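Structure first, commentary second.
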Amino acid sequence: MRTQALVLSAARQVLERYARRPVDAQDKPQHGHVDAIFRLDGNRFVVEVKSNARSDSVARAITQLRGALRKYPNAEALLVVPSMGEAGAAICEQERVNWIDLNGNASIETDHLHVYVRGRRESWIDFVAREVGTNPFSRTASRVVHALLTDPHKEWKRSQLQFATGLDKGYVSKIIAALSSKGYVKEVSGQRSRALHVPDPAVLLDAWRERCKPRPALFWGLVAAHTGSEVLEKLVSSCSSADVNYAITGLGAAAAYTNFGSFRRGDVCVQGPLPDAVMAQLNIGTNERGRNIAFHNDFENACIGAKDMHGAYFVSPVMTYLDLFHLPERSEEASDEMRRYLVAQWK
């Protein structure tokens, strides 16, 4: 039951993330046919949780949800699973059942809400870790570390970290407690507001780098270009014309911050699914071979401290440094240059 409660909490946070509004949750509905009731503005969802998304499990869940809808005739069905596969998603689409998985993917269609997100790979374990022992360097929790390192000498208030990261108050407090226990952050003495600072940003940066997992490319693009700079120009033009939120990382970002050498491939983090026009302009597909643009997810982290330079948006110097450890070409050399840049900025 504890695990189910954590899963429901994570699912509610996923729904709030995309709806951009709070979700009221009732974990013990009046009728015991479903696991929870979610209320979001004009929508009420009957929620069923399953431990996997195998076809038979999804089919059973839909049967249970259909039965529950007889008790809640004005509600919508919502299935929650750890990770939704293609087969399960197809069944839900055929039966017109909404679903969320704890990677952050969702397919929801109501009169008041339309959400379709696929391709996210944020582990649901990161959500559970919030409750059972917070890892401050997990994909989601590290947003707090990232925000702190964008201005480590600043006296940070918890409310400022909430705003910068988009994380809730309780979770931010747990991350801060985990960082404080290791001495990575300390409270400013004499401050009644319990402001925080980073005593040694290089130590915190190294701790994050040691635990930072690579952010694999979700898909690939190809544009005709002789240099990496031309690749980025065409990428930026296409994204900007379609109002796609993006942040360039990798060697392209290193070159923007330090004038580091030439490069061939552009790496970029994007928010949400790309419009068809952008998909066509950038020849986007899933085959890496011969492509010169790599698209990554986790835009929520990538946008923290992002900078507008030369008419384009780049991830922060901190994120640039971390991403370079997992990228090809001259990334190792560029990471050394970025570290020198960061240390100089922090002096």
Side-chain angles (χ1 to χ4, degrees), residues 130 134-213 215 247-260 269 298-310 312-326 331 334-347:
R130 301 178 185 184
T134 302
N135 169 16
F137 302 105
S138 70
R139 181 64 57 84
T140 301
S142 63
R143 294 182 208 171
V144 172
V145 178
H146 189 181
L148 288 166
L149 287 175
T150 60
D151 193 353
H153 301 306
K154 174 179 176 177
E155 294 181 359
W156 285 89
K157 296 181 180 178
R158 285 165 171 77
S159 59
Q160 293 173 322
L161 290 171
Q162 287 175 241
F163 180 80
T165 62
L167 301 174
D168 63 71
K169 181 179 179 180
Y171 189 27
V172 169
S173 294
K174 291 177 182 178
I175 298 166
I176 291 171
L179 293 170
S180 298
S181 68
K182 299 293 185 181
Y184 295 129
V185 299
K186 292 185 177 180
E187 291 186 1
V188 179
S189 59
Q191 292 278 344
R192 294 184 63 184
S193 61
R194 299 172 63 200
L196 304 159
H197 75 103
V198 180
D200 193 333
V203 170
L204 179 56
L205 179 66
D206 288 339
W208 187 12
R209 179 179 63 79
E210 290 171 358
R211 297 163 177 82
C212 185
K213 296 180 181 179
R215 183 165 42 201
I248 296 164
T249 186
L251 287 169
Y257 286 117
T258 68
N259 296 317
F260 177 85
C269 298
D298 193 23
F299 183 79
E300 292 83 358
N301 210 336
C303 71
I304 295 172
K307 298 183 181 297
D308 182 357
M309 299 187 296
H310 319 300
Y313 289 94
F314 296 86
V315 304
S316 72
V318 172
M319 186 59 70
T320 300
Y321 171 72
L322 290 169
D323 283 344
L324 285 168
F325 279 91
H326 308 291
S331 295
S335 68
D336 293 337
E337 187 69 22
M338 283 304 305
R339 186 180 181 85
R340 286 191 288 270
Y341 174 88
L342 285 168
V343 171
Q345 295 291 310
W346 291 338
K347 284 183 178 179

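Fair warning: this is a prediction, and the values are worked out from it, not measured in the lab. Worth knowing before you read on, the calculation uses all heavy atoms, side chains too, and leaves out hydrogens, waters and symmetry mates. Residue numbers run from 1 in the order of the sequence given.
- Aromatic ring orientation, Y341 versus Y257: tilted (interplanar angle from 30° to 60°).
- To the nearest 0.5 Å, atoms CG (L167) and CD (E300) are separated by 9.5 Å.
- No side-chain heavy atom of M338 sits under 4.5 Å from any side-chain heavy atom of D323.
- Summarising the geometry, atom CD1 belonging to I304 is positioned 7.5 Å from atom OG belonging to S142; distances are rounded to the nearest 0.5 Å.
- Rounded to the nearest 0.5 angstrom, H326 NE2 and S335 OG are separated by 10.5 Å.
- Not counting sequence neighbours, R211 has no partner by the salt bridge (Lys or Arg N to Asp or Glu O under 4.0 Å) test.
- When every heavy atom of W156 is checked against every heavy atom of A147, the shortest pair comes out as CZ2-O, 3.1 Å.
- The two residues F314 and A253 come nearest to each other via the heavy atoms CD2-CA, 3.6 Å.
- Using a 4.5 Å heavy-atom threshold, the side chains of W346 and V198 count as separate.
- For residues 145-154, the side-chain hydrogen bond (donor to acceptor under 3.5 Å, both in side chains) pairs, not counting sequence neighbours, are H146-N301, H146-S316.
- Sparse packing is recorded around CZ of F163, with 12 or fewer heavy atoms of other residues, nucleotides or ligands lying under 6.0 Å away.
- Side chains of L179 and L148 form a contact here, defined as non-hydrogen atoms less than 4.5 Å apart.
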Before you tell me yes or no, could you show the steps for R209 and D206 under side chain to side chain contact (heavy atoms under 4.5 Å, CB included), namely the whole-Å CA-CA distance, both residues' side-chain angles and the distance that decides it to 0.1 Å? CA-CA 5 Å; R209 179 179 63 79; D206 288 339; 4.1 Å; yes

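- Rounded to the nearest 0.5 Å, atoms CD1 (I248) and OH (Y313) are 11.5 Å apart.
- Taking the side chain as every heavy atom from C-beta outward, R340 and T258 never approach each other to under 4.5 Å.
- Across every non-hydrogen atom of V172 and R158, the tightest pair is CG1-O, 4.4 Å.
- At least one side-chain heavy atom of W208 sits under 4.5 Å from a side-chain heavy atom of V318.
- Contact check for T165 versus I175: no side-chain heavy atoms found under the 4.5 Å cut-off.
- Minimum interatomic distance between P199 and Y184 (heavy atoms only, all atoms of both residues): CD-O, 3.3 Å.
- When side chains are defined from C-beta on, S180 does not count as touching E187, because their heavy atoms never get closer than 4.5 Å.
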Tell me, with the steps shown, if F137 and V145 meet side chain to side chain contact (heavy atoms under 4.5 Å, CB included). CA-CA 7 Å; F137 302 105; V145 178; 4.1 Å; yes

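- Here the OG1 atom belonging to T320 is positioned 10.0 Å from the NZ atom belonging to K307, to the nearest 0.5 angstrom.
- Distance CD1/I176 to NZ/K186: 16.0 Å, rounded to 0.5 Å.
- Residues R339 and A202 share a closest heavy-atom pair of NH2-CB, 4.0 Å.
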